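Keep in mind it's a predicted model, so treat the numbers as computed, not measured.
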Amino acid sequence: MKRKDIMTIVVVAIFAGIFSLIVSKIFFASGDSRKLTAETVEPISSDFQSPDTEVFNPQAIDPTQLIKIGDTNNPQPF
């Protein structure tokens with residue numbers, strides 16, 4: 001390559017870089033898109049409200065207990 005060709009490539013690369021920077025700022029990085037907002041959250045407190053007594057009471061069904069239907073001594077269910 002000749003020195004003139006290298007200089008032409010460098011000039012074109014610089015021009016393309018500047019042109020792409022200007023175009024990207026116009027289309028992609030507008031001032032409105034850089035202003036972001038976030039939701040405000042409430043701080044966690046150590047207070048705990050007791051659950052509804054209609055659902056959580058001593059007479060409620062405990063789903064973790066084994067349910068036995070009928071009196072069978074067969075260890076094999078099928």
With the 4.5 Å side-chain cut-off for hydrophobic clustering, are L21 and V12 part of the same group?
no
Answer with yes or no whether the hydrophobic clustering places V10 together with I18; edges join I, L, V, M, F, W, Y residues whose side-chain heavy atoms lie under 4.5 Å apart.
yes
I need the D52 CG to N57 CG distance, nearest 0.5 Å.
9.0 Å
